[in-house]
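Read the structure below first, then the notes.
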Amino acid sequence: REEEIRRRERGGGIEHVFTQTSNMTDTKPSQPNVEESTTNPSNTEQTGAAEDRYAGLTPAQIKKKKKKERQKQRKREEKERQRAAEAAGETLDKAGGAGEEAKTEVSTDTKGENANAGKSKKKRKKKKKKNGGDQKGPDVVMRIIGKEHKSRGEKKRQTYPPSVSLPDMFPNGLYPEGEIMEHPGDFNTFRTTSEEKRAADRMQESMYNEIREAAEAHRQTRRYAEQFIRPGMTMIDICQKIEACSEKLIRKDGLKRGWGFPTGCSINHVAAHYTPNYGDKTVLKEKDVVKLDFGTQINGHIIDCAFTIAFDPMFDPLLEAVKDATNTGIKEAGIDVRLCDIGERIQEVMESYEVTIDGKTYPVKPIANLNGHSIGSYQIHAGKSVPIVKGRDATKMEEGEMYAIETFGSTGKGYVHEDMACSHYMKNFDAPFRQLRSRKSKQLLTHIDKNFGTLAFCRRWLEDQGQKGYLMALKELCDLDIVRKYPPLCDKAGCYTAQFEHTILLRPNCKEVVSRGSDY
């Protein structure tokens, strides 16, 4: 005992000696381990679940599976952080100017805090009422053309992204008129006061209302497009968003109502007829000039309207030239007006502009072989062309016709040619009867007749509707002139082109720009 006391004084305690000797002599499992396993059943459950999850796997497979699980967990955490950041950004945007006042010194008096909160709430409400809730963060590069507007007769405001249907916005079923203008020329002055012309106009009111509904859907879709398009987005994402929005607003129903033609998103020297096929990874850049051209239709009445977006202010003169030329063409158009006179005035206006790009000045040239056109029922090109340069076509516009007045300006040659992979197709309006050889060609033609008729379509739409291995059949239809292909139209590589377009209706007593909006 004296030795044990000495050892304890040296730091070797009696308990230490006892445990050492017991470990050497006792072969049974230690009691603490048994207690731990019995008091923590969750450990055994987790172990069992893990064993079940990895049962039958090799160590390498288990390691790979664990790595994937860790990656998924990181992605989930990243998404949660992004959602929290977006929610915080939306809160700051809605708060508007009240955000800076909210950062003032915090008072210890609770009454002062409540007063400041009340002010911020009041300012928040005012900001929402003024801009309709469409607030944008400070990182937005794009400059929106025009201001938010409320159409005549509108009962509900549209949301962002659009979720309110047009019947809810216009419960009386009457959609707003476009811009009303008089027909030019002294020979048309009698139309504004003629009772006969007014009566003829009233007989077409139901058709006019369908056209205005399609135009309203186009206006709201392009307003949405102007707000979400950013550099860095892929062109296919832009097109699919625009098409999904217009499909929802127009309440797509087969050939009765839906898209008028594929969404064109031609960039820089590509002037028209470009929409990405699946697999096209083209990305919109900050120094790109993109032309968005899409259509809506109700009962075959097509709205054809286009605009140009440029993020860099140095392209503003180019856009202004083309927009001014389009407005000039609209002003000059009218019943009994010669088409060549309209083209001459458009060319005169457009060539009066010039644009400086990266220190070099270019004249703005009209693209001579691109024209406006008349629009028929389920027929985007109804036969008449509206030139944008001086010409000899003395054909006159007639009462009751619809026209797409569009102009194209370029810093290149002012002449386009077909290039790049084709994406736009359209069944020939006067397609002849041909004997088809392959079964797939017959099936594809039946599908086109059922879903598109004589309206334009693209390869993306065929694939979205389940068509596979259709390219050879489509080629056969094109070779037989049943379907026509419309490849992208390009000017000289490295140049920039712009486009603006509106649909006008030549009514008996006036001219209505049905697609006119507050943006352009």
Closest non-hydrogen atom pair between Y486 and M426, with its separation: OH-CE, 3.4 Å
Trace of the side-chain contact (heavy atoms from CB on, under 4.5 Å) decision for L292 with I309: CA-CA 8 Å; L292 291 170; I309 291 175; 3.8 Å; yes
Test item: H373 side-chain N/O and Y403 main-chain N/O as donor-acceptor pair under 3.5 Å: no
Test item: side-chain donor near acceptor, T189 and D186, under 3.5 Å: no
Minimum-distance pair of heavy atoms, taken over all atoms of I302 and G376: CD1-O, 4.5 Å
Side-chain donor-acceptor pair present, D237, T234, cut-off under 3.5 Å: yes
Distance-only donor-acceptor check, side chains D491 and S410, under 3.5 Å: yes
E247 side, atom CD; T221 side, atom OG1 - distance, nearest 0.5 Å: 11.0 Å
K485 atom NZ, neighbour heavy-atom count above 12 within 6.0 Å: no
Salt-bridge present (K440, E476; N to O < 4.0 Å): no
CG-OH distance between N299 and Y378, expressed to the nearest 0.5 angstrom: 5.0 Å
Short N-O contact, R251 and E213, less than 4.0 angstrom: yes
Donor-acceptor contact present, side-chain S163 to main-chain T159, <3.5 Å: no
Any side-chain heavy-atom pair of P487 and H417 under 4.5 Å: no
OH (Y415) with more than 12 external heavy atoms under 6.0 Å: no
Between W259 and T296, a side-chain donor and acceptor under 3.5 Å: no
R198 vs N509, side-chain contact (heavy atoms from CB on, under 4.5 Å): CA-CA, chis, key distance, verdict: CA-CA 6 Å; R198 286 203 295 267; N509 59 340; 3.7 Å; yes
Separation between CD1 of I448 and OG1 of T454, rounded to the nearest 0.5 Å: 12.0 Å
Ring centre gap for Y520 and F307 strictly below 6.0 Å: yes
Note: K475-D479 ion pair, threshold 4.0 Å (strictly below): yes
Gap separating the CD1 atom of I375 from the CE atom of M402, nearest 0.5 angstrom: 4.5 Å
NZ/NE/NH1/NH2 to OD/OE distance under 4.0 Å, E332 and R345: yes
Lys/Arg-Asp/Glu bridge criterion (N-O < 4.0 Å) met for E179, K511: no
Heavy-atom donor-acceptor pair, Q297 side chain to G300 backbone, under 3.5 Å: yes
Aromatic ring proximity, centroids under 6.0 angstrom, H218 and F294: yes
Distance-only side-chain donor-acceptor flag, T407 / T326, under 3.5 Å: yes
Cationic N near anionic O, under 4.0 Å, E348 to K390: no
E78/K75 salt bridge by N-O under 4.0 Å criterion: no
Under 3.5 Å donor-acceptor, R392 side chain and C340 backbone: no
Main-chain N/O of L249 paired to Q220 side chain as donor or acceptor, under 3.5 Å: no
Side chain to side chain donor-acceptor pair (under 3.5 Å) between R191 and N188, intermediate numbers included: CA-CA 6 Å; R191 294 180 176 276; N188 278 322; 2.9 Å; yes
Under-4.0 Å salt bridge between R507 and D201: yes
Note: K285-D288 ion pair, threshold 4.0 Å (strictly below): no
Whether over 12 other heavy atoms sit under 6.0 Å from K197 NZ: yes
Polar side chain donor-acceptor pair, T263 to E243, under 3.5 angstrom: yes
Straight-line distance of T356 OG1 to M314 CE, nearest 0.5 Å: 10.0 Å
Heavy-atom pair of closest approach, residues G334 and H183: CA-ND1, 3.7 Å
Shortest non-hydrogen contact between C239 and T275, atoms and distance: SG-OG1, 3.7 Å
Parallel, tilted or perpendicular, as decided by the 30° and 60° cut-offs, for the rings of Y425 and F457: parallel
Main-chain N/O of L505 paired with E512 side-chain donor or acceptor, under 3.5 Å: no
Exercise: identify the closest heavy-atom pair between F429 and S377: CE1-O, 4.0 Å
Main-chain N/O of Y496 paired to T411 side chain as donor or acceptor, under 3.5 Å: yes
Greater than 12 external heavy atoms within 6.0 Å of M420's CE: yes
Neighbour count >12 (heavy atoms, 6.0 Å) for atom CD, Q443: yes
E182 atom CD: more than 12 heavy-atom contacts under 6.0 Å: no
Under 3.5 Å: donor-acceptor pair, side chain of H273, backbone of G264: no
Lys/Arg cation over aromatic Y208: R202, 6.0 Å, 45° cone: no
Donor-acceptor pair between Y274 and D419 side chains, under 3.5 angstrom: no
Lys/Arg N to Asp/Glu carboxylate O, K468 vs E463, below 4.0 Å: no
pair E351-K365: side-chain heavy atoms closer than 4.5 Å: no
Main-chain N/O of F190 paired to S194 side chain as donor or acceptor, under 3.5 Å: no
Closest non-hydrogen atom pair between S515 and R222, with its separation: O-NH2, 2.9 Å
Gap separating the NZ atom of K492 from the OG1 atom of T497, nearest 0.5 angstrom: 13.0 Å
Under-4.0 Å salt bridge between E501 and K323: no
Minimum side-chain heavy-atom gap E418-P488 below 4.5 Å: no
Note, L489 side chain near L370 side chain (heavy atom, < 4.5 Å): yes
Validation row: K252, R257 side chains within 4.5 angstrom (heavy atoms): no
Check: V289 main-chain N/O paired with N268 side-chain donor or acceptor under 3.5 Å: yes
